[in-house]
Amino acid sequence: MRFLVIPAYEPDEKLIKLLKDVSALNLFQIIVVNDGSGDKFNDIFNMAKEYAILLNHGINKGKGAALKTAFTYIKNLNTYGIIVTADSDGQHKVSDIVKVEILLFVDVSASSSQYLPISTRYSPMGSTQYI
């Protein structure tokens with residue numbers, strides 16, 4: 001299974017565009033975490049539910065907590081998979097999200113499943129550490 005996790009605090013239409021574009025690939029189970037954005041953003045999140053599973057924080061807890069919420073949700077599914085994260089503000093291109101997924105998929109397939117491959121934007125392309 002492949003997951004795309006998107007923490008979102010007060011998002012705009014860029015989130016919906018990202019969701020539409022990624023959803024069209026039929027590659028990821030998309031999870032959006034509303035990090036306490038408030039009622040003003042209900043319309044955006046209602047649109048997001050057309051493309052993603054929506055998890056909600058009643059108050060803003062921060063990006064780290066939003067990611068943990070999504071990771072816990074995935075863990076409780078009792079399934080293995082690849083998790084890619086992206087921001088809701090449109091800074092991550094769909095093509096880059098797919099590149100990360102491909103690199104992780106290749107690394108996971110080639111390595112022992114007892115290790116977790118990680119990469120950051122500061123890693124040279126294709127450079128992965130295992131923890």
Side-chain angles (χ1 to χ4, degrees):
M1 191 99 191
R2 294 171 176 97
F3 299 95
L4 176 62
V5 173
I6 305 172
Y9 179 67
E10 299 184 352
D12 58 21
E13 290 291 329
K14 292 176 191 167
L15 171 62
I16 302 307
K17 180 178 178 357
L18 176 63
L19 293 174
K20 285 180 182 178
D21 292 348
V22 171
S23 182
L25 299 173
N26 202 27
L27 184 61
F28 294 98
Q29 173 66 64
I30 305 168
I31 300 170
V32 173
V33 181
N34 171 4
D35 190 25
S37 298
D39 293 342
K40 179 179 173 184
F41 298 89
N42 285 347
D43 289 343
I44 294 285
F45 287 111
N46 284 331
M47 286 188 279
K49 286 193 275 190
E50 294 179 36
Y51 307 99
I53 294 169
L54 179 64
L55 306 176
N56 291 290
H57 287 172
I59 60 170
N60 180 255
K61 296 181 179 183
K63 183 177 181 178
L67 291 170
K68 284 182 181 181
T69 294
F71 297 158
T72 299
Y73 175 86
I74 293 167
K75 179 182 175 186
N76 289 337
L77 293 175
N78 292 317
T79 187
Y80 294 98
I82 293 169
I83 302 171
V84 177
T85 64
D87 289 343
S88 65
D89 61 4
Q91 72 172 309
H92 297 109
K93 297 178 190 173
V94 173
S95 60
D96 291 335
I97 292 168
V98 172
K99 285 177 189 175
V100 170
E101 183 277 330
I102 289 169
L103 288 171
L104 288 173
F105 183 76
V106 168
D107 282 342
V108 168
S109 298
S111 69
S112 169
S113 63
Q114 71 186 33
Y115 297 104
L116 172 67
I118 59 167
S119 262
T120 72
R121 70 173 110 184
Y122 306 108
S123 299
M125 187 57 112
S127 173
T128 303
Q129 297 176 330
Y130 294 89
I131 59 171

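Just the heavy atoms: all of them, side chains too, but no hydrogens, waters or symmetry mates, feed the values below.
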field: Any side-chain heavy-atom pair of Leu18 and Lys14 under 4.5 Å
entry: no

message: So Met47 and Glu13, do their side chains get closer than 4.5 Å, heavy atoms only?
response: yes

task: Consider only side-chain heavy atoms of I, L, V, M, F, W and Y, link residues closer than 4.5 Å, and tell whether Tyr51 and Val22 are in one cluster.
output: yes

Exercise: identify the closest heavy-atom pair between Lys63 and Pro7: CG-CG, 4.0 Å

- prompt: Of all heavy-atom pairs between Tyr9 and Gly36, which one has the smallest distance, and what is that distance?
  reply: CE1-O, 3.7 Å

task: Flag the pair Ser23 / Phe28 as yes when at least one side-chain heavy-atom distance between them is below 4.5 Å, and no otherwise.
output: no

Within-4.5 Å side-chain heavy-atom neighbours: Thr69 and His57: yes

- prompt: Between Gln29 and Met1, is any pair of side-chain heavy atoms under 4.5 Å apart?
  reply: yes

- prompt: Does the Asp35 side chain pair with the main chain of Gly62, one donor and one acceptor, at a distance under 3.5 Å?
  reply: yes

Common cluster, Leu27/Val94, ILVMFWY with side-chain heavy-atom separation under 4.5 Å: yes

query: Does Leu4 belong to the same Ile/Leu/Val/Met/Phe/Trp/Tyr cluster as Leu77, with side-chain heavy atoms less than 4.5 Å apart forming each link?
result: no

CZ on Phe3 to CD1 on Ile74, rounded to 0.5 Å: 5.0 Å

message: Quick check on the hydrophobic clustering: are Val32 and Phe71 connected, directly or via other members, by side-chain heavy-atom contacts under 4.5 Å?
response: no

task: Without swapping roles, check the side chain of His92 against the backbone of Ala86 for a donor-acceptor pair under 3.5 Å.
output: no

- prompt: Once you round to the nearest 0.5 Å, how far does CG of Asn60 lie from OG of Ser37?
  reply: 7.5 Å

query: Which heavy atom in Leu15 sits nearest to a heavy atom in Ile6, and how many Å separate them?
result: CD1-CG2, 3.9 Å

query: Side chain of Ser88, backbone of Ala8: donor and acceptor closer than 3.5 Å?
result: no

- prompt: Can you tell me if Asp43 uses its side chain to pair, donor with acceptor, with the backbone of Asn46 under 3.5 Å?
  reply: no

task: Kindly give the heavy-atom pair with the smallest separation between Ala52 and Ile31, and that separation in Å.
output: CB-N, 4.5 Å

task: Examine Leu54 and Val33 and state if one hydrophobic cluster contains both, with Ile, Leu, Val, Met, Phe, Trp and Tyr joined whenever side-chain heavy atoms are less than 4.5 Å apart.
output: no

- request: Please report the closest heavy-atom contact between Ala70 and Leu55, naming both atoms and the distance.
  value: CA-CD1, 4.0 Å

message: Let me confirm one number: the CD1-CD1 distance from Ile102 to Ile97, rounded to the nearest 0.5 Å.
response: 12.0 Å

- line: For Ile16 and Ala48 the tightest heavy-atom approach is CD1-N, 3.7 Å

task: Indicate yes or no: at least one non-hydrogen side-chain atom of Val5 is less than 4.5 angstrom from one of Leu67.
output: yes

